[in-house]
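Working notes, structure below.
Numbering of residues begins at 1 and proceeds along the displayed sequence.
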Amino acid sequence: MIDLHYWPTPNGHKVTMFLEEAGLPYTIKPVNIGKGDQFKPDFLCISPNNRMPAIVDHDPPGGGGPITLFESGAILLYLAEKTGRFIAADLPGRAEVLQWLFWQMGGLGPMLGQNHHFSQYAPEKIPYAIERYVKETNRLYGVLDHRLADREFVAGPAYSIADMASYPWIVPWEKQGQNLDDFPHLKRWFTAIAERPATKAAYARAPEVNPDHGKTMSEDAKKVMFGQTAKRG
């Protein structure tokens with residue numbers, strides 16, 4: 001059994017997508033980031049960066065005690081290696097998956113996250129910041145679109161953790177100031193993943209965990225989530 005410390009965000013969805021695809025048993029441990037659950041001492045023992053998702057695997061490969069992991073990319077890679085699924089076995093294929101997984105972790109996620117912040121959550125609208133990140137989002141969409149022009153999935157013919165990492169960040173494309181019709185190959189890929197039964201099952205967990213999922217973030221939640229410093233407690 002895997003304990004998944006989760007809240008329905010793009011990074012959280014990555015992990016539920018994998019778990020549903022692989023059919024691994026898991027229990028969700030909600031981490032309400034709008035109320036500050038990510039700063040609780042018990043959670044910090046698992047995720048010292050006070051960010052979810054995180055997992056505790058009570059049945060790790062080879063036995064032994066539970067394994068804890070934080071960072072969504074590390075979790076996806078661990079689960080792929082644990083199950084032998086959604087990552088190529090050969091070195092060239094594995095390299096393709098890993099470079100696009102790291103591309104998402106280092107580029108697509110952070111840049112689109114800044115897009116979300118300045119366009120949706122910032123207390124004041126800063127035109128330069130909004131334009132900067134909307135344009136960078138557009139550029140990154142273009143990278144994916146070009147990549148998908150001659151292959152079914154991001155890392156090649158097989159669905160992989162590289163796809164699971166990127167898909168949740170494309171879901172709110174309208175809020176990011178984008179139009180999927182401008183990126184036909186990306187749109188084809190996006191639609192195919194959305195129709196996968198495991199994707200539907202993963203996203204169905206969101207309102208179960210957070211009944212307010214999709215609603216406007218409260219001012220109290222913004223105070224908890226934004227402007228954090230090294231000081232804890």
Donor-acceptor pair, distance only, cut-off 3.5 Å: does the side chain of [X] make one with the backbone of [Y]?
X	Y	answer
Lys29	Ala54	no
Gln120	Lys175	yes
Thr137	Tyr133	yes
Gln228	Val224	yes

Chi angles and distances behind the side chain to side chain contact (heavy atoms under 4.5 Å, CB included) call for Met52, Thr9
CA-CA 9 Å; Met52 65 90 235; Thr9 69; 2.9 Å; yes
Taking all atoms of both residues into account, what is the closest heavy-atom pair of [X] and [Y], and its distance?
X	Y	value
Val154	Arg147	O-NE, 2.7 Å
Gly73	Leu101	O-CD2, 3.9 Å
Pro211	Val209	CD-O, 3.7 Å
Pro60	Gly65	CG-O, 3.3 Å
Asp145	Pro184	OD1-N, 3.4 Å
Ile193	Met17	CG2-CE, 4.0 Å

In Å and rounded to the nearest 0.5 Å, what is the [atom1] to [atom2] distance from [X] to [Y]?
X	Y	atom1	atom2	answer
Asp212	Asn32	CG	CG	9.0 Å
Met164	Ile161	CE	CD1	8.0 Å
Tyr78	Ile75	OH	CD1	11.0 Å

Compare all side-chain heavy atoms of [X] with those of [Y] and state whether any distance is below 4.5 angstrom.
X	Y	result
Leu112	Gln176	yes
Phe70	Ile46	no
Val97	Arg94	no
Pro30	Trp7	yes
Gln104	Trp100	no
Thr16	Tyr26	yes
Ser166	Trp103	yes
Glu71	Arg51	no

Flag the pair Glu219 and Lys223 as a salt bridge only when some basic side-chain nitrogen lies within less than 4.0 angstrom of an acidic carboxylate oxygen.
no
With a 3.5 Å cut-off and no angle check, do the side chains of [X] and [Y] form a donor-acceptor pair?
X	Y	value
Asn138	Lys135	no
Glu152	Tyr159	no
Asn115	Glu136	no
Thr27	Asp3	no

Taking the six-membered ring for Trp, are Phe190 and Tyr167 parallel (under 30°), tilted (30 to 60°) or perpendicular (over 60°)?
parallel
Return the orientation label for the His13 and His213 ring planes: parallel under 30°, perpendicular over 60°, tilted otherwise.
perpendicular
Are more than 12 heavy atoms from other residues, nucleotides or ligands located less than 6.0 Å from atom NE2 of His146?
no
Begin with the C-alpha distance, continue with both residues' side-chain angles, and end with the deciding distance and a verdict on side chain to side chain contact (heavy atoms under 4.5 Å, CB included) for Val143 and Leu108.
CA-CA 10 Å; Val143 172; Leu108 189 72; over 6 Å; no
Which salt bridge (Lys or Arg N to Asp or Glu O under 4.0 Å) pairs, counting each pair once, include a residue from residues 187-201, with sequence neighbours left out?
Glu21-Arg196, Asp181-Lys187, Glu195-Lys200
Same cluster or not: are Phe102 and Leu76 linked, directly or through other Ile, Leu, Val, Met, Phe, Trp or Tyr residues, by side-chain heavy atoms under 4.5 angstrom apart?
yes
Establish whether Met111 and Leu186 are linked, either directly or via other cluster members, by ILVMFWY side-chain heavy-atom contacts under 4.5 Å.
yes
Please evaluate residues Val171 and Tyr203 with respect to the criterion side chain to side chain contact (heavy atoms under 4.5 Å, CB included), reporting the C-alpha separation (whole Å), side-chain torsions for both, the decisive distance (0.1 Å), and the verdict.
CA-CA 11 Å; Val171 170; Tyr203 273 79; 3.4 Å; yes
Side chain to side chain contact (heavy atoms under 4.5 Å, CB included) partner of Leu79, the single match among Ile2, Ile87, Leu69, Asp57:
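Exactly one option meets the side chain to side chain contact (heavy atoms under 4.5 Å, CB included) with Leu79, and it is Ile2.
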Go through it in stages, so that I can follow the logic: the residues are His5 and Ile55, the test is side chain to side chain contact (heavy atoms under 4.5 Å, CB included), and I'd like the CA-CA distance, side-chain angles, deciding distance and then a yes or no.
CA-CA 6 Å; His5 297 260; Ile55 66 168; over 6 Å; no
Centroid-centroid distance, Trp169 to His116, less than 6.0 Å
yes
